[in-house]
Amino acid sequence: MSRRTAYWACFAAALGVYATMMVWTLPGIAAQAGGLIPFDLRPWGYSEDEALAFLAALTDEGHALYTGPQKILDLIYPALLAIVLAGAVQHLFPKGVLASLLMACIAGGMAADYLENMRVTVLLTSDTGADAIAAAARATIFKSALTSIAMLVILIRLLRVSFNKWTEKT
């Protein structure tokens, strides 16, 4: 399998896992929590009261969905997303400071996502104290911020490259 084929396979897998989470597990969890948004979908984090309200509202079925299928999907997704974003950086940016900073954002976002997953598991299974909730919320914020920065810069570069190619043809 060529490197290009492997990249597009990872892209397709990331898209498939993301779609599965957005169409099935995360809406299912929200539905099983009385419409409250799951921790993973709160980019600005959450307060202790918000976390406790979510946990109190979450049904046994929602808990099983969060600690079962969602947990499995979220074991795969951060790595796939990091591969996709890193491949985009390698293709769109020359080696240098900006590319290195983007790679650091991507690696940091992936690490924060895995940390968030571990901390949310703790909230769902054992510790719902203020410190555990704050730690999980911080991981969510870091994941969201770092990944958003990388995606935004990549998108801007992709649009710029595409616009330049388009104007060259006209």
Inset, instruction - Apply side-chain contact (heavy atoms from CB on, under 4.5 Å) to the pair K165 and V161, showing each step before the final yes or no. - result: CA-CA 6 Å; K165 285 186 179 185; V161 167; 4.1 Å; yes
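- Heavy atoms only, all atoms of each residue included: I106 and A86 are closest at CD1-N, 3.7 Å.
- T25 and M21 make their closest contact through OG1-CA, 3.2 Å (heavy atoms, listed as atom of the first residue, atom of the second, distance).
- One hydrophobic cluster, built from ILVMFWY side chains closer than 4.5 Å, cannot hold both L98 and I156; they sit in different ones.
- Taking all atoms of both residues into account, the shortest heavy-atom contact from C105 to L146 is O-CB, 3.6 Å.
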Pairs under 3.5 angstrom only: tabulate donor-acceptor contacts from the side chains of residues 47-55 to other protein residues two or more places apart or in another chain.
residue, atom, partner, partner atom, Å
S47, OG, D49, N, 3.4
S47, OG, E50, N, 3.0
S47, OG, E50, OE1, 3.4
E50, OE1, S47, N, 2.7

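- The residue from V153, L155, T147, I154 that alone fulfils the side chain to side chain contact (heavy atoms under 4.5 Å, CB included) condition with M151 is T147.
- Side chains of E116 and D113 form a contact here, defined as non-hydrogen atoms less than 4.5 Å apart.
- A continuous path of hydrophobic side-chain contacts links L92 to L81 [ILVMFWY only; heavy atoms under 4.5 Å].
- With contacts defined as side-chain heavy-atom distances shorter than 4.5 Å, the pair L124/L58 qualifies.
- Judged by distance alone, the side chain of N117 and the main-chain N or O of D74 form a donor-acceptor pair under 3.5 Å.
- Rounded to the nearest 0.5 angstrom, L85 CG and C10 SG are separated by 12.0 Å.
- Of all non-hydrogen atoms in A33 and A57, the two that sit nearest each other are O-CB, 3.5 Å.
- Q70 places a side-chain heavy atom less than 4.5 Å from the side chain of L26.
- The side-chain heavy atoms of D127 and L123, taken from C-beta on, include no pair separated by under 4.5 Å.
- For the pair T5 (side chain) and M1 (backbone), a donor-acceptor distance under 3.5 Å is absent.
- Sorted by first then second residue, the ring pair (Phe, Tyr, Trp, His ring centres under 6.0 Å) pairs that include residues 74-117, not counting sequence neighbours, are Y18-Y77.
- No more than 12 heavy atoms of other residues, nucleotides or ligands sit less than 6.0 Å from atom CG of D131.
- Here the side chains of L65 and Q32 are not in contact, with every heavy-atom distance at 4.5 Å or above.
- Using a 4.5 Å cut-off between side-chain heavy atoms of Ile, Leu, Val, Met, Phe, Trp and Tyr, with links allowed through other members, L15 and M110 fall into different hydrophobic clusters.
- Hydrophobic clustering, with ILVMFWY side chains joined whenever heavy atoms are under 4.5 angstrom apart, groups L102 together with L158.
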Indicate every side-chain donor-acceptor pair of residues 36-45 with a distance under 3.5 Å to a residue at least two apart or in another chain.
residue, atom, partner, partner atom, Å
D40, OD1, Y66, OH, 2.3
R42, NE, I37, O, 2.7
R42, NH2, I37, O, 2.7

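- Residues M103 and Q90 form a side-chain contact, since some pair of their non-hydrogen atoms from C-beta on lies under 4.5 Å apart.
- Counting only heavy atoms from C-beta outward, the side chains of W24 and P69 approach each other to under 4.5 Å.
- Residue Y46 comes nearest to T140 through the heavy atom pair OH-OG1, 3.5 Å, listed as atom of the first residue, atom of the second, then distance.
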